[in-house]
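Reviewing the structure listed below.
Hydrogens, waters and symmetry mates are skipped; everything else that's a heavy atom, side chains included, is used. Just so we're clear, the structure is a prediction, and the values are computed from it rather than from any experiment.
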Amino acid sequence: MASKPHPPLMKKHSQTDLVSRLKTRKILGVGGEDDDGEVHRSKISQMLGNEIKFAVREPVGLRLWILFSAVVFTVMALMALAFPNQLYEVVFDQEQTATSVSIRLYGGAILSLSLIMWNGLYTAEKVIIQWTLLSEACYFAIQFLVTSVTLMELGFLPNTAILLLLSRIFFLTVTLSYYYHLGRRPKKI
């Protein structure tokens, strides 16, 4: 038997063959959109994820706001711990009749919140920053309510207490604004 010569092998250039490339990408599961709407260019990027996805897009001034909050909380806490009677007199324009233990406990709680603020300042994790802002917002809301009820029980409104209430509303608004903007999903480009 005589063997027939085989025709010369034609090498298929799959890089230039569009149909072949699309079939390969479909089998690998890349090139299409995933659940988040991202298009992965390779299986490796699909498995590892996109590092831009994990980068926190911070609103302008967020770190400055957290620094300001941490400093204010620390100063207020130290004042409440060291000078409880004077702090009460400044806010309510009257002598304190109760013991100063409650104001010192308030100072301890504020000092704990200030430590959370300092931690939130130096972290890069979005969730920790969100919880820091949420704890700050809860504090401002609760302090506004407690101060309002106390002033209604006392029956008068000193100017310093009104200023305190207005500042708490302002701080609550700014904090919730940062919390909202940090929690939004970035727009796809």
Output yes when a side-chain donor or acceptor of [X] lies under 3.5 Å from a complementary backbone atom of [Y], and no otherwise.
| X | Y | answer |
| --- | --- | --- |
| Thr147 | Phe144 | no |
| Arg63 | Leu121 | yes |
| Thr123 | Asn119 | no |

Going by heavy atoms in the side chains, are [X] and [Y] under 4.5 Å from each other?
| X | Y | result |
| --- | --- | --- |
| Ile129 | Ile66 | yes |
| Leu133 | Trp65 | yes |
| Trp118 | Phe73 | no |

Practice task
Give the minimum heavy-atom separation between Ala77 and Gly107, together with the two atoms involved.
Solution key: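 Residues Ala77 and Gly107, closest heavy atoms: CB-O, 3.3 Å.
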
Problem - For the student: nearest non-hydrogen atoms of Ile116 and Ser135, plus distance - result: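 Shortest heavy-atom separation between Ile116 and Ser135 comes out as CG2-OG, 4.0 Å.
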
Handout entry: Step-by-step side chain to side chain contact (heavy atoms under 4.5 Å, CB included) determination, Glu136 to Leu113
Key = CA-CA 8 Å; Glu136 183 179 3; Leu113 279 174; over 6 Å; no

Handout entry: Spacing of Leu151 atom CG and Leu164 atom CG [to the nearest 0.5 Å]
Key =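 Leu151 CG to Leu164 CG: 8.5 Å, rounded to 0.5 Å.
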
Practice task
Can you measure from CD (Gln130) to CG (Leu182) and round to the nearest 0.5 angstrom?
Solution key: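 Result: 5.0 Å between the selected atoms.
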
Handout entry: Linked, directly or transitively: Tyr180 and Val60 (ILVMFWY side chains, under 4.5 Å)
Key = no

Problem - Trp131, CH2 atom: more than 12 neighbouring heavy atoms under 6.0 Å - result: no

Practice task
Go through the steps for Phe170 and Val174 under the test side chain to side chain contact (heavy atoms under 4.5 Å, CB included), then give the verdict.
Solution key: CA-CA 6 Å; Phe170 173 72; Val174 172; 3.7 Å; yes

Practice task
Check the angle between the aromatic planes of Phe140 and Phe171 and answer parallel, tilted or perpendicular using the 30° and 60° thresholds.
Solution key: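 If you compare the ring of Phe140 with that of Phe171, the planes turn out tilted.
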
Exercise for the section: Taking the six-membered ring for Trp and the full ring for Phe, Tyr or His, determine whether the centres of Tyr178 and Phe68 are under 6.0 Å apart. Expected result: no

